[in-house]
Number of protein chains: 2
Amino acid sequence: MSPKQQRGEATVELLLDTALRVYAEGGEQALTVNAVTKASGVSLGSLYHHFGSIDGLVDALLMRWLERLLGEMVTALEHSRTARTGVRALTRAYLSFVREHREAGMLLHSSRADRLGMTQAARLRDAQEARLTPMAAWVAHHVEKGEIAPLPVPLIESLVLGPVVGAARRWLTFGDIDLDEAARVLPERIWRSISAEPE
Amino acid sequence: MSPKQQRGEATVELLLDTALRVYAEGGEQALTVNAVTKASGVSLGSLYHHFGSIDGLVDALLMRWLERLLGEMVTALEHSRTARTGVRALTRAYLSFVREHREAGMLLHSSRADRLGMTQAARLRDAQEARLTPMAAWVAHHVEKGEIAPLPVPLIESLVLGPVVGAARRWLTFGDIDLDEAARVLPERIWRSISAEPE
DNA sequence: GTGCTTCTAGAAAATCATTCTATTTCCGCG
DNA sequence: CGCGGAAATAGAATGATTTTCTAGAAGCAC
C-alpha cells in the first residue's frame with residue numbers, strides 16, 4: 001500500500017498535508033474524504049488507493065506526527081546524562097513541539113487519536129516500538145542506577161508523561177497555562193515525584 | 001430539549017443505557033443511531049427529538065458519567081481534612097470508578113470524549129462548573145494554607161490529575177498497570193510533587 | 001373534551017464512505 | 001524505441017449512516 005513511484009509519494013504527501021490543513025481550518029467534522037479530495041485536487045480513487053479508508057488517512061497523519069514527537073523526545077533523553085536532566089529535556093521537547101505544531105498537537109491530543117479503539121499509548125506500542133522501547137529502557141536503566149524510585153515502568157511513565165500531557169492538552173484547548181512557566185516548573189516537580197531520594 | 005413528561009424521561013434513560021451497552025459490546029464504530037434504535041426499540045424520531053444528533057446522544061452519555069465521576073472526586077475531597085489525604089482520596093476515587101465502571105471509563109477516556117473539538121477538561125469547564133469550581137477552590141485553599149506549593153492552579157491540577165488519568169487510561173487499554181498498586185503508590189508520589197515543603 | 005405541547009414514528013432526503021471498473025502513467029526490459 | 005505489467009488516477013455507482021420532515025398519538029391543563 002505504500003507508494004512505489006515518485007508521483008505516488010507526492011500524492012501521499014499532498015493528501016497528508018491537505019488533511020492537516022482541512023482539520024486545522026474546520027475541525028474534526030470537516031475532516032471528510034470529500035473535503036480532502038476537493039481541497040487537494042486528488043481523486044477519490046487515489047486517496048483510497050493509498051490509504052484504503054478515511055481512517056487509514058487519519059491514521060497515517062497521526063503516525064507521521066507521532067513519529068516526529070517521539071523522535072524529539074527520544075533525542076532529548078539521549079542527550080541527557082542524568083535522569084533529572086532527562087526529565088527536563090523530555091518535558092521541554094514535548095511542550096516545544098505542541099507550541100510549534102499547534103494543529104498537529106491538537107490532532108494528537110484530541111478525538112481522532114484514539115480511533116479504532118486504541119489509545120495513543122497503545123498505538124505507540126504497536127507501531128512505534130522503535131521509539132517506545134528506548135524510553136522504557138531509559139527509565140529501567142535509571143531505576144537500576146538508583147536515581148529513579150523502584151516502581152513499575154508504567155507508573156513512572158504515568159508520573160512523568162501525565163502532567164506533561166495534561167498541561168499540553170490544557171494549553172491547546174484552554175490556553176489557561178503559560179507554557180514557559182510549565183516548562184520551567186514541571187520538570188522539577190515531576191522529578192520530586194519519581195526521584196529515589198527519601199522525602 | 002430536556003424531557004417534560006415522564007415517558008420522555010424514560011425514553012432518554014433507555015436510550016442512554018442502551019447506548020452504553022451498544023458501545024460496550026461493539027466498540028466505537030458500533031455506536032450508531034441505527035444500532036441504538038434497534039437495540040432499544042425507540043424510534044428514530046424520538047432519538048432525534050431528545051438529543052438532536054448522534055453526537056448529542058454521545059455527549060449526554062459522557063456528561064452523565066462525567067457527572068458521577070466528578071461527584072465522587074469532589075466528595076472525596078470534601079471528606080479530607082488535609083491536602084495530603086485529599087490527594088489520596090481523589091486518586092482512589094478515580095481509580096475505583098474506572099474499575100467499577102469499565103465501559104463508562106473507556107468511553108470517558110477514549111475517542112469520542114473529545115468530540116466537537118472539546119477536550120474532557122474543556123467539557124468539564126463548560127457544563128460541570130458546579131463540580132469543577134470546588135476542585136479549583138480546594139486547590140487554592142490549600143495553596144493559601146501553605147500546604148501546596150504556590151503554583152498556578154492549572155499546573156497543580158495537571159500534576160495531580162495527569163498521573164491518575166494516565167494510569168487509568170493505561171489500565172483500561174493495556175492492563176499493564178496494577179490498579180491497587182497505583183492507588184497505593186501514586187498518591188504519595190503525587191504529593192511529593194505538589195507539596196510546599198522543600199525537597 | 002378541547003387545545004396545546006410533548007413525544008413517537010418511520011419514510012424520505014442528504015451526507016459521507018467505500019467499492020468498482022476503466023483509463024492513464026510510469027518503469028523495467030528486450 | 002515500444003511492449004507489458006504494475007502503479008496510480010479518475011469518477012460513477014453503491015452502500016451505509018445521519019439528519020430532516022411530516023404525520024399522528026399521548027399526555028396535560030383547563
- Message: By the salt bridge (Lys or Arg N to Asp or Glu O under 4.0 Å) test, which pairs, at least two apart or in different chains, include something from residues 137-151 of chain A?
- Response: A:Lys145-A:Glu147
- Non-neighbouring partners of A:Trp65 that pass side-chain hydrogen bond (donor to acceptor under 3.5 Å, both in side chains), sequence neighbours left out: none
- List for me each residue that meets side-chain hydrogen bond (donor to acceptor under 3.5 Å, both in side chains) alongside B:Asp178, sequence neighbours excluded, and say none if there are none. none
- Write down the distance between CG (A:Leu57) and P (C:dA17), rounded to a whole number of angstrom. 10 Å
- Over-ring placement of A:Arg192 relative to B:Trp191, 6.0 Å and 45° cut-offs: no
- Task: Output the single nucleotide from C:dA17, D:dT19, C:dC7 whose closest atom is nearest the side chain of A:Ile54.
- Result: C:dA17
- Does A:Thr11 place a side-chain N or O at less than 4.0 Å from the phosphate oxygens OP1/OP2 of D:dT9? yes
- CZ of A:Phe51 versus C1' of D:dA8: gap in Å, rounded? 13 Å
- Ring center gap for A:Tyr94 and A:His109 short of 6.0 angstrom: yes
- Atom NE2 of A:His49 to atom C1' of D:dG11: distance rounded to whole Å? 16 Å
Find every protein N or O atom lying less than 3.5 Å from an N or O atom of nucleotides 10-16 of chain C, and list the pairs.
from, atom 1, to, atom 2, distance (Å)
C:dG10, N7, B:Gly45, N, 3.3

- Query: Taking OH from B:Tyr48 and C1' from D:dT19, how many angstroms apart are they, rounded to a whole number?
  - Reply: 5 Å
- Across all chains, not counting sequence neighbours, the side-chain hydrogen bond (donor to acceptor under 3.5 Å, both in side chains) partners of B:Thr82 are B:Thr85
- Task: May I have the distance from B:Leu47 (atom CG) to D:dT20 (atom P), rounded to whole angstrom?
- Result: 12 Å
- Roughly how many Å is it from CD in B:Gln6 to P in D:dA25, rounded to a whole number? 23 Å
- Query: Who passes side-chain hydrogen bond (donor to acceptor under 3.5 Å, both in side chains) against A:Arg99, sequence neighbours left out?
  - Reply: A:Asp180
- Gap between atoms CG and P, on A:Leu15 and D:dA8 respectively (whole Å): 12 Å
- Item | Interatomic distance, B:Glu28 CD vs D:dT17 P [rounded to whole Å] | 14 Å
- Determine whether any donor atom in the side chain of A:Arg7 lies under 3.5 Å from an acceptor atom in the base of D:dT9, or the reverse, and answer yes or no. no
